[in-house]
Each structure stands twice: as C-alpha cells, then as structure tokens.
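Encoded as structure tokens, the structure appears first; notes follow it.
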Amino acid sequence: MKNWQADLLAAQESVNCEKALLKQIELAAIALGFEYYAYGLRVPLPLSNPKMVILNNYPLAWQQRYMEQGYLRKDATVQHGRSSQTPIVWSNQIFASATDLWDEAQSFGLRHGWAQSSCAANGVGGMLTLARSRGVITAKELHSKELKMRWLVQTSHNALARILSPKLGIGGGKLNLTQREMEVLKWTADGKTASEISEILALSENTVNFHIKNAVAKMGASNKTAAVVRAAMLGFLN
C-alpha cells in the first residue's frame, strides 16, 4: 500500500503536462478495477460565473450528450460534491431526481461509479469519479480499495489544480500578498474600518490604507470589498 501511494505521488509530481497526468489517472483507475475516470475542476471566481473544467475518458457520444442536455446542472453527484467531501456510490436513490440522466448514462455503459470531491488551498474545488460498465461496487471492495481511491482523489486534484490553475487565471502562492496585507484583509472581512484596524494592529491609518490599496491591486479587484471576497474564495484568509 505504501509503495503504491509513494509511486503514484512521485509520478504525478513529476509531470507538468495535462495529457500525461490524465493518462496516469486512467492507468490508476484501471488498476483499481474501473474503466473510466472523470475529473471536474471548479474555480470559485468570478462569483457570477465560476469557471468549470471537465476531463474524462467517457464515450465521446456520452460526453457530447451530457453537455448538450446540461446534465451538469442536475447531476446529483456534482451537487453532493459541492457540499461534502464524503465519497458517494452511484445508485438509483442517488439519481432519483434525475432519472433521465441516470437512464442515459447506463445506456452508454456508465452503470457503476464512485466519486469524491476535494479542495485545494487556493479554493479550487475538484471531484474525481471512477466508473465501469459491469460489477456492482460492494462493501467488501470498498473496504479493500477505498484508501487507494481516496489517495488517487487527493493526488490527482493537487496535480491537476497545479497544472490547470495558471491557465484559468489562478496564480500560485498567495498572489504575492504579504502577511500584513492578508492580516488587514482579515480584519476588513470582519467589518473593521481602517481606523479600527490601525488601533488593533498598532499602525497608522495611512499605513492600513496603504496595505489595503496594495492588496486590492494584487487581487485585481475594484475595491476592498471585492478584494476581501476574492481572497476569501481563494482560501487566502483561512
């Protein structure tokens, strides 16, 4: 088990190519007894229309049908993943509110699946699904494989978020925010004025405003409220 984990982590950390990484995920999925994988990455910004990337090796006809029908909006596994990182196994009950999606997915050979979501430090969320056409996912199988499946979720998310985030406008680090700038943004998020923050941090009000101005510029925001929201959504104020 330890070698499998270490080997997978080392392999994924060594690649900087999306295609090569997806091939590694596919091979890991096959080794775990699944034909298919699907990975969805969601960037929290802009709030009005968060960016979404979907990568998978599902049948091409199903990929097209899924997009044409707007199934992403009604996919019960996606809805679950947005509010919980608890793994979920496909079932009639799970898809009770989207029987059309479920019936069509099964017609394309996607009959048994398992999914788990995760979240990177920069607020980028993701979900990995493992699926196959035959063989119910039993409790016995989960007992023997789920630790590896969860490890694949985390390593895949970290690696894909690393590779895809720059393409989606999410920089590394903390967008070069200084510790003081993040501290000022945290107090601003708590509703404190520049005057109040100056007293809390024993700084001049002009210095506080200087840090706020710099943070707003670095976040590419229009004002301090937008900067606070952006920083919070990206996980910089945790």
Side-chain angles (χ1 to χ4, degrees), residues 5 9-10 12-18 21 39-55 72 78-87 116-128 150-151 153-238:
Q5 290 177 317
L9 181 60
Q12 292 189 343
E13 287 184 337
S14 68
V15 300
N16 291 297
C17 169
E18 177 185 324
L21 182 55
Y39 176 79
L41 180 143
R42 185 175 185 270
V43 177
L45 298 167
L47 288 174
S48 57
N49 185 28
K51 297 176 183 177
M52 185 81 180
V53 175
I54 300 176
L55 306 166
L72 180 65
V78 174
Q79 295 170 6
H80 171 83
R82 287 177 179 172
S83 60
S84 173
Q85 292 186 26
T86 302
Q116 184 184 20
S117 63
S118 54
C119 188
N122 61 0
V124 175
M127 186 171 75
L128 181 68
R150 286 174 178 252
W151 183 252
V153 169
Q154 296 302 324
T155 58
S156 298
H157 178 62
N158 290 338
L160 280 165
R162 169 175 56 83
I163 291 173
L164 296 176
S165 290
K167 300 178 183 179
L168 296 171
I170 304 298
K174 294 188 180 298
L175 295 179
N176 296 317
L177 289 178
T178 66
Q179 195 64 39
R180 184 65 83 184
E181 287 163 356
M182 286 188 284
E183 193 173 21
V184 168
L185 285 180
K186 287 180 181 180
W187 285 112
T188 302
D190 284 339
K192 301 298 183 182
T193 66
S195 175
E196 291 170 328
I197 296 172
S198 70
E199 293 183 13
I200 293 170
L201 300 180
L203 301 171
S204 72
E205 189 171 343
N206 284 339
T207 299
V208 171
N209 285 325
F210 171 79
H211 289 309
I212 291 175
K213 182 179 179 180
N214 285 343
V216 168
K218 290 179 180 180
M219 298 300 297
S222 58
N223 53 53
K224 68 178 183 180
T225 300
V228 167
V229 171
R230 184 176 178 86
M233 291 297 293
L234 293 176
F236 295 169
L237 305 186
N238 294 335

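These values consider heavy atoms only, across backbone and side chains, with no hydrogens, waters or symmetry-generated copies.
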Backbone N/O of Gly81 and side chain of Ser117: donor-acceptor pair under 3.5 Å: yes
Counterpart residues, side chain to side chain contact (heavy atoms under 4.5 Å, CB included), relative to Arg150 (two or more places apart): Pro87, Trp114, Gln116, Glu146
Any residue meeting side chain to side chain contact (heavy atoms under 4.5 Å, CB included) with Ser83, in chain and number order, not counting sequence neighbours: none
Atom of Ile197, atom of Val184 and distance for their closest heavy-atom approach: CD1-O, 3.9 Å
Separation between NE2 of His211 and OG1 of Thr178, rounded to the nearest 0.5 Å: 6.0 Å
Atom pair OG/CH2 of Ser198 and Trp187 - distance to nearest 0.5 Å: 12.5 Å
Pairwise side-chain contact, Leu164 with Leu55, heavy-atom cut-off 4.5 Å (strictly under): yes
Separation of Asn158 CG from Ile163 CD1 (nearest 0.5 Å): 11.5 Å
Interatomic distance, Lys213 atom NZ to Glu181 atom CD [nearest 0.5 angstrom]: 12.5 Å
Intermediate values then yes/no, side chain to side chain contact (heavy atoms under 4.5 Å, CB included), Tyr39 and Ile54: CA-CA 6 Å; Tyr39 176 79; Ile54 300 176; over 6 Å; no
By side chain to side chain contact (heavy atoms under 4.5 Å, CB included) - contacts of Glu196 (at least two apart): Lys192, Thr193
Nearest non-hydrogen partners of Thr188 and Ile212, listed with the distance: OG1-CD1, 4.1 Å
Full working for salt bridge (Lys or Arg N to Asp or Glu O under 4.0 Å) between Glu183 and Lys186: CA-CA 5 Å; Glu183 193 173 21; Lys186 287 180 181 180; over 6 Å; no
Approximate separation, where rounding is to 0.5 Å, of Leu72 CG and Gln79 CD: 9.5 Å
Any donor-acceptor N or O pair under 3.5 Å, side chains Thr207, Ser204: yes
Expected output: side-chain His80 to main-chain Thr86 donor-acceptor under 3.5 Å: yes
Nearest heavy atoms of Gln154 and Ser118, plus distance in Å: NE2-CB, 3.5 Å
Non-hydrogen side-chain atoms of Arg42 and Arg82 separated by less than 4.5 Å: yes
Spacing of CE belonging to Met127 relative to CG belonging to Leu41, to within rounding of 0.5 Å: 12.0 Å
